[in-house]
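Just below is one structure, and these are the notes that go with it.
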Amino acid sequence: MSLYETHDVADPSATPAPSCALVIFGARGDLTKRLVVPALYNLLKLGLLPDRFAVVGVDHNEQTAEDWRHGLHDFVEAAVKQKAGEFHPGALDETVWNQLAGRMSYVTGDFLDAETYKRLGKHLADTDATHNLGGRVLFYLAVAERFFGAIVDRLGAAGLVKEQGEAWRRVIIEKPFGHDYTSAVALNTQVLKTLREHQIYRIDHFLGKETVQNIMALRFANGLFEPIWNRDRIDHVQITVAETVGVETRARFYEPTGALRDMVPNHLFQLLAMTAMEPPISFDANAVRDKRGELFAAVRTLSQRDAVRGQYGAGRIDDRELPAYRDEPGVARDSNTETFAALRLTIDNWRWAGVPFYLRTGKRLTRRYTEIAIRFKDAPYALFRETPVDRIGDNWLILQIQPDEGIRLRFNAKVPGPHMVLENVSMNFNYGDWFRQTPAVGYETLIYDCLTGDATLFQRADQVEAAWRVVQPVIDAWTGTKKPGFPDYAAGSAGPDEADAMLRREGHAWRKIGR
Ligand code: BG6
């Protein structure tokens, strides 16, 4: 048992989504197996899927629905096991799985072939007639980026995304939405020829993380923080997304992508937006998205001097000897791809003028750790100057996103004893101690929100484009010039020295990763 009383997390007011069909393009892909279908299982177990529901997989591999379901069983079981804990034994509930599997069918077809869409249309009509789904369909594009526009075009041509009354048609588009500013604008233009903005759900799975959503609760459900959440009291902000994984088997994707495109205009920008946006007038999707959009619009376009790139060399993490990025399978021996990026962002608005936002992310760093650290300004007057105090520690509010989910406040306290000796201490809130969390792979909220039509956690066209606009000059500079010093940080380290130098210039220092 934990030290504290635990509280169930499942929202008692949540009701099952309306009856509908979910069509997954990329039914045999990794994302579907590891995340989408396990999330559906969890939603069904929580009673959040409708009774009248159907899942239709679409992929080019010839196979039966039975083969598809069979292949998914072990992935769902593995996902459940991974989340095993004190309150969750980690065994797959076969009854729930069979219920879900019983609603799953499969359509074989090439994503670019118009015939696929004819077959899918017929299959959907039959499924709807059998299960009475109200004509509602959510299309999930869990496919490679190059297919996004093409699939939407073909769905449109086949008349599959036309809405009628309550019979909504929605499309989830996965990341990456474009690979630079121009391609993001082009993709928006292409999909908006067929779809209306309200039909598009651009996913950024960081917004599915409870700890990320909690930033809004922390800021806007408490009167305590907002009055000091500005340039008057905040010195600077550090956002770190550190990973221990390397490129693994993804070189084909990662080589032309790199850390900046892979993580910054999407995931790190979501953390930035939650931290820095103005309070919305309500939690209505557009009210929140307007504020996120305004924030992105206020971020100054980056210049190269505010950006540092790095690439990992050989090293060790937890006694594991690890190869250099350039020695990973599928990576060019002289690769110029960055596996680390650090940026200094400036936000041009009244709240944040003069407050630097430092962002960093990298692969093969010392620990897997994501946090947003807010450094408050020092006390205005050094009252303890004459006392035997070596050093007065800093005030930090640390939002720990993963894996140790929680919030920490660091402040100074007097060490018991006759002298005035101070120590920097920490007040901790851990999610696990307080809430009994339901097992989740992180896609449950996002999928449920699409099924219920809540777009709050999804990216609008303007936001995606604004984020790419900020980083585009750095993308251009980095792709256009070879970095002579690569590799420049060892696997298992905190990144390249240049990233430290960038903060030192302004009298700051990165926090130790995972401290
Ligand atoms: C993905 C990136 O979008 O996010 C990966 O393509 C990265 O490179 C991953 O590892 C990180 O997500 P999470 O949820 O594991 O922190």
Side-chain angles (χ1 to χ4, degrees), residues 26 29-36 38-39 78-79 82-83 141-146 148 172-180 184 202-215 239-272 274 309-312 317 322 325 328 330-331 335 337-341 359-372 399-405 431 437 439-447 457-459 464 467-468 471 491 495 513-514:
D30 213 41
L31 182 73
T32 302
K33 291 189 237 177
R34 284 191 311 107
L35 297 165
V36 179
Q82 215 188 359
K83 296 287 165 189
L141 310 192
V143 295
E145 179 197 355
R146 65 181 187 283
F148 294 157
I172 302 182
I173 302 185
E174 261 295 334
K175 165 181 172 280
F177 198 94
H179 51 270
D180 57 12
R202 299 174 191 79
I203 275 201
D204 186 311
H205 79 272
F206 263 51
L207 286 176
K209 295 184 195 287
E210 283 292 339
T211 41
V212 176
Q213 293 168 38
N214 190 46
I215 302 169
I239 300 181
T240 298
V241 181
E243 299 188 281
T244 49
V245 290
V247 63
E248 305 192 299
T249 51
R250 302 167 71 213
R252 236 180 86 191
F253 160 76
Y254 202 79
E255 270 283 86
T257 305
L260 179 59
R261 294 175 207 254
D262 187 32
M263 300 294 288
V264 177
N266 28 64
H267 304 328
L268 275 90
F269 265 55
Q270 302 312 332
L271 303 182
L272 173 75
M274 289 295 201
R309 56 178 155 165
Q311 188 191 76
Y312 65 83
I317 301 178
L322 297 162
Y325 176 70
E328 301 269 22
V331 173
S335 172
T337 300
E338 82 284 354
T339 59
F340 175 98
L359 275 52
R360 68 177 159 167
T361 183
K363 301 231 178 261
R364 288 281 192 243
L365 296 177
T366 160
R367 260 195 75 185
R368 174 170 182 260
Y369 189 73
T370 295
E371 71 167 26
I372 299 164
L399 314 181
Q400 296 171 200
I401 306 297
Q402 64 183 20
D404 318 311
E405 302 171 335
Y431 278 81
Q437 280 157 310
V441 293
Y443 271 64
E444 289 78 0
T445 307
L446 296 172
I447 295 175
L457 297 177
F458 296 85
Q459 296 280 86
V464 174
W468 280 115
V471 296
I513 294 173

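Order of appearance sets the numbers: ligands from 1, and atoms from 1 within every ligand. Predicted, not measured: the structure shown is a model, and the values here were computed from it.
- H205 and Y443 have parallel rings, their planes meeting at less than 30° on a 0 to 90° scale where 60° marks the start of perpendicular.
- Checked by distance only, ligand 1 and D262 come closer than 3.5 Å through their nitrogen or oxygen atoms.
- Of the protein's non-hydrogen atoms, E243 OE2, 3.5 Å is the one closest to atom 11 (C) of ligand 1.
- For ligand 1, the atoms closer than 4.0 angstrom to any heavy atom of H267 are 1 (C), 3 (O), 4 (O).
- Between P265 and R261, the shortest heavy-atom distance links the atoms CD-O, 3.9 Å.
- Each of the following atoms of ligand 1 lies closer than 4.0 Å to a heavy atom of K363: 5 (C), 7 (C), 8 (O), 10 (O).
- Close approach of ligand 1 to K175 (heavy-atom distance below 4.0 Å) involves ligand atoms 1 (C), 2 (C), 3 (O), 6 (O).
- Atom 16 (O) of ligand 1 has as its closest protein heavy atom Q402 NE2, 2.7 Å.
- Two residues are said to be in side-chain contact when any heavy atoms from C-beta on lie closer than 4.5 Å; F458 and L446 meet this criterion.
- Closest non-hydrogen pair, L268 versus R360, comes out as CD2-O, 3.7 Å.
- Side-chain polar atoms of E255 and S335 form a donor-acceptor pair below 3.5 angstrom.
- Looking at atom 15 (O) of ligand 1, its nearest protein heavy atom turns out to be R368 NH2, 3.9 Å.
- Summarising the geometry of D262 relative to Y254, their closest heavy-atom pair is OD2-CE1, 3.6 Å, with the distance given to 0.1 Å.
- Counting protein heavy atoms only, atom 12 (O) of ligand 1 is closest to H205 NE2, 3.1 Å.
- Under a 4.0 Å criterion applied to the non-hydrogen atoms of F206, ligand 1 contributes the atoms 12 (O), 16 (O).
- Atom-to-atom distance recorded for L260:CG and T337:OG1 is 11.5 Å, nearest 0.5 angstrom.
- Less than 4.0 angstrom separates some heavy atom of K209 from each of these atoms of ligand 1: 13 (P), 14 (O), 16 (O).
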